[in-house]
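Residue numbers run from 1 in the order of the sequence given.
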Amino acid sequence: MNLLWLQAAGCGGCTMSLLCAEAPDLFSLMEGAGIELLWHPSISLETGGEVRALLDRIESGAQPLDILCVEGAIARGPRGTGRFQMLAGTGRSMLDWVRSLAPRAGHVVAVGTCAAYGGMTAAGGNPSDAVGLQYDGALPGGILGEGFRARLGLPVVNVAGCPTHPDWVSETLMMLAAGDFGPEAMDALGRPLFYARNLVHHGCPKNEFYEYKASAEALSEIGCMMEHLGCIGTQAVGDCNIRPWNGTGSCTRGGYPCINCTAPEFEDPGHAFTATPKIAGIPVGLPTDMPKAWFMALASLSKAATPARIAKNAHADRIVAPPTLRPPRGRA
């Protein structure tokens, strides 16, 4: 199975994240899965005429294409021409190339939230008129249209994340190569369910503070960041805290709130990323894994029952009150 990777309008961060894959590394993984990399603009040796010839062969059908991966949003400007981003040396826009090659691919994979929904490339008024492959923000459409299906029948597979986790990309590619990825493997926004069925909240190291609603008020504090610092890990899909980056890292593990980077339009929340919008002192966004009425009732009870140790630690930049080990009953 072969793969072509195109980098559109974005920072290249998803490729940088993918290169951090471990056990196995990216190249060993692809070799083991039987995936041949036809070309990647940042990894491959081929350039210039060699790449133009490859693209021409794919476009004509002389070179079969199994997987087309696109990283970065597609700039449609100015005025729908796509000429804000040209594929160097071809005289054609990235918009034109993706629209031409996508129907020829067995599968099309949007790598990262920019390619999936527009992402950060579409932020701030979107002057380049950037969109995702099959979504414009949360709206179906994009450059390929809502009804687009790749040659083997699937819509665009949206491996969303900013950047996307290396395992999310590699696992998706392995499942596609093995023929184990069908429509039932995606959620309503085209994201693979193997990570989208989880919340970032699951496995978060701050969950002890969350349970007691012991909230941090500044980024240097180790309490829960939901109430005051904009964390929406209780609403964001992703297994970031179940299988962290390089085995140890995630946003919340690093002391920064989850900004829901796997979701459409996360880039323009309407407020600062580190601020929690509230109405009458109650956060607007509440956890998706429990009824809101339950949450409000439990929050009040939890705050009233917060142990002094947890309350003290929540407003510190490290654990200042460790758990106390009590001897078993009946023993001094």
Side-chain angles (χ1 to χ4, degrees), residues 11 13-14 16-17 20 112-114 119-121 123-124 160-166 195 198-289 295-296 298-300 302-303 305-323:
C11 67
C14 289
M16 294 176 67
S17 176
C20 290
T113 302
C114 288
M120 294 300 294
T121 311
C162 189
T164 185
H165 193 295
Y195 77 85
N198 299 290
L199 294 174
V200 174
H201 168 62
H202 299 154
C204 178
K206 295 181 179 289
N207 279 348
E208 181 180 40
F209 298 100
Y210 168 81
E211 294 299 332
Y212 284 105
K213 306 303 175 281
S215 301
E217 296 180 356
L219 289 176
S220 59
E221 299 173 352
I222 64 173
C224 178
M225 297 179 288
M226 173 191 165
E227 186 175 7
H228 303 303
L229 296 175
C231 185
I232 45 179
T234 56
Q235 305 161 59
V237 306
D239 58 5
C240 313
N241 281 308
I242 297 173
R243 51 167 158 192
W245 269 256
N246 303 115
T248 59
S250 74
C251 292
T252 59
R253 286 170 187 262
Y256 197 84
C258 171
I259 59 175
N260 199 10
C261 74
T262 58
E265 301 172 357
F266 86 95
E267 67 277 3
D268 282 319
H271 56 83
F273 283 132
T274 56
T276 300
K278 302 175 184 178
I279 296 177
I282 300 172
V284 173
L286 294 177
T288 59
D289 58 351
F295 176 84
M296 297 309 300
L298 290 173
S300 297
S302 296
K303 286 195 173 189
T306 303
R309 170 183 64 84
I310 293 176
K312 187 173 183 179
N313 286 333
H315 298 291
D317 61 1
R318 63 194 182 284
I319 295 177
V320 294

Practice task
Kindly indicate, with the supporting measurements, whether the criterion side chain to side chain contact (heavy atoms under 4.5 Å, CB included) is fulfilled by N313 and V320.
Solution key: CA-CA 6 Å; N313 286 333; V320 294; 3.4 Å; yes
Problem - D317 (side chain) donor-acceptor with E221 (main chain) under 3.5 angstrom - result: no
Exercise for the section: Rounded to the nearest 0.5 Å, what's the gap from OG on S302 to CD1 on I310? Could you check? Expected result: 10.0 Å
Problem - Worked verdict on T248 versus R253 for side chain to side chain contact (heavy atoms under 4.5 Å, CB included) - result: CA-CA 8 Å; T248 59; R253 286 170 187 262; over 6 Å; no
Problem - Interatomic distance, K303 atom NZ to E227 atom CD [nearest 0.5 angstrom] - result: 3.0 Å
Problem - T121 side chain to C114 backbone, donor-acceptor under 3.5 Å - result: no
Handout entry: Donor-acceptor contact below 3.5 Å, side chain D239 vs main chain Y195
Key = no
Problem - Within-4.5 Å side-chain heavy-atom neighbours: P166 and W245 - result: yes
Completion exercise
Interatomic distance, CD@E217 vs NE2@H228, rounded to 0.5 Å, equals 5.0 Å
Practice task
Verify the neighbour count for atom CD1 of I319: are there more than 12 heavy atoms of other residues, nucleotides or ligands below 6.0 Å?
Solution key: no
Practice task
For a side chain to side chain contact (heavy atoms under 4.5 Å, CB included) with T252, tell me which candidate from P244, C204, C240 qualifies.
Solution key: C204
Handout entry: Minimum heavy-atom distance C224-F209, with the two atoms named
Key = N-CB, 3.5 Å
Exercise for the section: Output yes when a side-chain donor or acceptor of T288 lies under 3.5 Å from a complementary backbone atom of Q235, and no otherwise. Expected result: no
Exercise for the section: Would you verify whether the NZ or CZ of K213 falls within 45 degrees of the ring axis of Y210 while also being under 6.0 Å from that six-membered ring's centre? Expected result: yes
Completion exercise
One should read off an interatomic distance between R309 CZ and E208 CD, to the nearest 0.5 angstrom, of 4.5 Å
Exercise for the section: Drop me the distance from L219's CG to L229's CG, to the nearest 0.5 angstrom. Expected result: 5.5 Å
Problem - Nearest atoms (heavy-atom pairs only) where P257 meets T274 - result: CG-CG2, 4.0 Å
Problem - Distance in Å, C258 SG paired with F273 CZ, rounded so as to fall on 0.5 Å steps - result: 10.5 Å
Handout entry: Worked check of side-chain hydrogen bond (donor to acceptor under 3.5 Å, both in side chains) between N207 and H201
Key = CA-CA 8 Å; N207 279 348; H201 168 62; 3.1 Å; yes
Problem - Residue that, paired with I232, satisfies side chain to side chain contact (heavy atoms under 4.5 Å, CB included) out of I259, L199, V200, N260 - result: N260
Problem - H165 (side chain) donor-acceptor with R243 (main chain) under 3.5 angstrom - result: yes
Problem - Main-chain N/O of S250 paired with N241 side-chain donor or acceptor, under 3.5 Å - result: no
Exercise for the section: For A123 and E267, work out which heavy atoms get closest and say how close. Expected result: CB-CG, 3.7 Å
Practice task
Indicate the atoms forming the closest heavy-atom contact of K312 with A321, along with that distance.
Solution key: CD-CB, 4.2 Å
Practice task
Please answer whether the main-chain N or O of G230 pairs with a side-chain N or O of T276 as donor and acceptor at a distance below 3.5 Å.
Solution key: yes
Problem - Under 3.5 Å donor-acceptor, T113 side chain and G119 backbone - result: no
Practice task
Look at atom CZ of F266 and say whether more than 12 heavy atoms of other residues, nucleotides or ligands are closer to it than 6.0 Å.
Solution key: yes
